[in-house]
There are 2 protein chains.
Amino acid sequence: MEIYKQEKRQHYLEQHSISHLFSFPIEEFMEVREYKRDEWIIREGMRPDYLYYVIEGKAKIYVTYQNGKISLINFINAHDYIGEMELLHEVYYTKGIQASTKTICFAIPLHQCRKRLLEDTTFLRELTRFLSMKATKMAEKYSQSLSFPLENRLADFILQTADGEVYKEKHVSVCDFLGVSYRHLLHVLVQFCDKGYLQKEGRIYRIQQTDELHRLADVLKNDSF
Amino acid sequence: MEIYKQEKRQHYLEQHSISHLFSFPIEEFMEVREYKRDEWIIREGMRPDYLYYVIEGKAKIYVTYQNGKISLINFINAHDYIGEMELLHEVYYTKGIQASTKTICFAIPLHQCRKRLLEDTTFLRELTRFLSMKATKMAEKYSQSLSFPLENRLADFILQTADGEVYKEKHVSVCDFLGVSYRHLLHVLVQFCDKGYLQKEGRIYRIQQTDELHRLADVLKNDSF
DNA sequence: CCCGAAATATGAGATATCTCATATTATTGT
DNA sequence: ACAATAATATGAGATATCTCATATTTCGGG
C-alpha cells in the first residue's frame, strides 16, 4: 500500500472531491491511498481504523466459513464505501476485502472523525442512500439466485461485464461469484456457444446475439430503480 | 386496515414509544394501524405515502418477476421499517408487503415529515444502523444460499423458527422462502426424520437432536455480529 | 354441514449442478 | 529460460433439485 503525498495527494483530492458529501472540512484528515492488485485493503477479522471511499479500481469482499470454504460475496467499485459497518457497529465481524485491480481510495481516520461523522446530517443521509441501495441490490440478487438457473444469471453477468461485444472475465472468479462449480460454468458457456449466443475466439468470447442474452437476463429483472 | 384512535392509539404510543429515535416530536403525526393477516400493507408498484415502523406482527416482502413468478424475498418483523426506500429515493420500484399475522405499526405521513426526517441526525443514524444490518444480513444469506445445499439452510431455518422443540412452519411458505420446490423440501424433511434429527407428530415436527441440526446450520455461520 | 380451495403427501422421471480425475495451456517468480 | 503455479478444458458418474401427476387431508365460507 502506498500513501500519496504532496502534489499527488492534492491532485486526487481536487479531481475527485467528496467534500459535498460532508458538512465539515473532511479533506484535511483524509489520506489518499493506493492498493495494488491482490493486496488486502482489510484483512478478515481485523477491525479497520479507517473509513474508505473508493475513487478508482475494483475490489472483492470475501468471507471464510467454518468449513474452510472461502466465498466471494460481492464486488466493490468506484464510489463505494468500505468499513462503514465498523463505523456504525461496535461489534462486527470484519470481512476480508482484496483489491482486484489497482485501487485508489480516500481513507478517513476514525479516531479523529468518528464522532463528527455520526453527527453529520449530510454524510448520514448520503450513507443511508448508499446502504439502502446496497441492501436492495443484495435482496434482489438473493431472490434471483434462488429462483433461476445459472443460464439466466450468467446471461445477466455477461451483459454487465462485457466490454463492448467482448466477454473475457476469468472463469475462476465468475464461478466463485455466481456460486457454481467451474465445471458447470464451462458447461453452460459451451451451451451458449452451441446456441450461437457467443462465439469463442481463443481465450475470449464474442457476443453474437445480444437480444437472446437479454431475453435470458431480463427474466430476473424487476426494475427496482 | 384499521386505524386506532383515542385511548387505543395512546396506549400503543406509550407502550412502544419510539420518540427516542427522533429528535423532534414525531408522535403527534403518527397513526397507529392494524393490518389483518394476508392484508397488503403496500401493494407492489404503488408508492406508499407513509413510512412504517412495525411494533407487532410479521410481514412478507414479495416481488413479481416478468415471467409471472412471485418470490418471497424476506420477512419483516417487529422493529423493522417499511417504506424507507421510498423515503430515500425519488425513483424506486416498490415491492409488495403483506401481513402474515395481525400486524400493528406506526405510520408516519411523508408529506408532513419527509423534510424533517431527512434532516434529523438521530433518525438518520438509527436508520443507517438498521440498513447496514439489513444489507449485511442479505449479503450473508446470499452467499449462504449459493454455497450450501438445502440441508444446511433448512437446519438453520428450523432452529430459527422453532417454538421450543416444536417446528410447525407451513411448507408452502418455507419452500418459497428457501427457494426450493415443495417436493424437495419434503424430501429433505423426510431425511431429517430418518436420521432421527426430527420426529413427525401429525402436522408438527419435534426436534430430537438439536446438536445435529446445529452442526448442519453452523456451517453457514461466520459470526458477523 | 357440505363444498371447493389450499395444504399436505408421495412416486417417478428429468435436469441442473457437483465432484473427481486428468490433460493442456498461460503466467509468474527466480 | 525453467520450474512451479494458476487457469483452462473435458469426460464420466454421483447428487441435489425440479416438474408433473395424483391422492389425501384440512379448513374457511356459504
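Throughout, a chain's letter reflects where its sequence line sits, starting with A, and its residues are numbered from 1.
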Under 4.0 angstrom, heavy atoms only, what part of the nucleic acid is A:His171 near: base, sugar-phosphate, or nothing? sugar-phosphate
Whole angstrom is fine here: how far is it from CG in B:Asp176 over to P in D:dC18? 12 Å
Angle between ring planes, A:Tyr81 versus A:Phe130, binned at 30° and 60°: parallel, tilted or perpendicular? perpendicular
Nearest heavy-atom pair of B:Ala217 and B:Leu159: which atoms, and what distance? CB-CD1, 4.0 Å
Comparing A:Arg203 with A:Val180, nearest DNA chain C nucleotide closer to 5' gives the residue A:Val180
Can you check the A:Phe148 CZ to C:dA16 C1' distance for me, whole Å? 15 Å
Whole-Å gap separating P (C:dC20) and NE2 (A:His184): 17 Å
Atom pair distance, as rounded to whole Å: CG in B:Leu185 and P in D:dT19: 14 Å
CD of A:Glu201 versus C1' of D:dT8: gap in Å, rounded? 17 Å
Any side-chain N or O of A:Lys200 below 4.0 angstrom from OP1/OP2 of D:dT8? no
Side-chain atoms of A:Leu186 come closest, of C:dA9, D:dT10, C:dT19, to D:dT10
Hey, what bend do you get for the helix from C:dC1-D:dG30 to C:dT30-D:dA1 if you fit axes on five pairs at each end, rounded to 10°? 60°
Salt-bridge criterion met for A:Arg206 and A:Glu201 (N-O under 4.0 Å): yes
Quick one: sort the B:Tyr182 and B:His171 rings into parallel, tilted or perpendicular, breaks at 30° and 60°. perpendicular
Per B:Arg183 side chain, nearest of listed nucleotides C:dT19, D:dA9, D:dC20: D:dC20
Report the distance from atom CD of A:Glu151 to atom P of C:dT15, rounded to the nearest whole Å. 13 Å
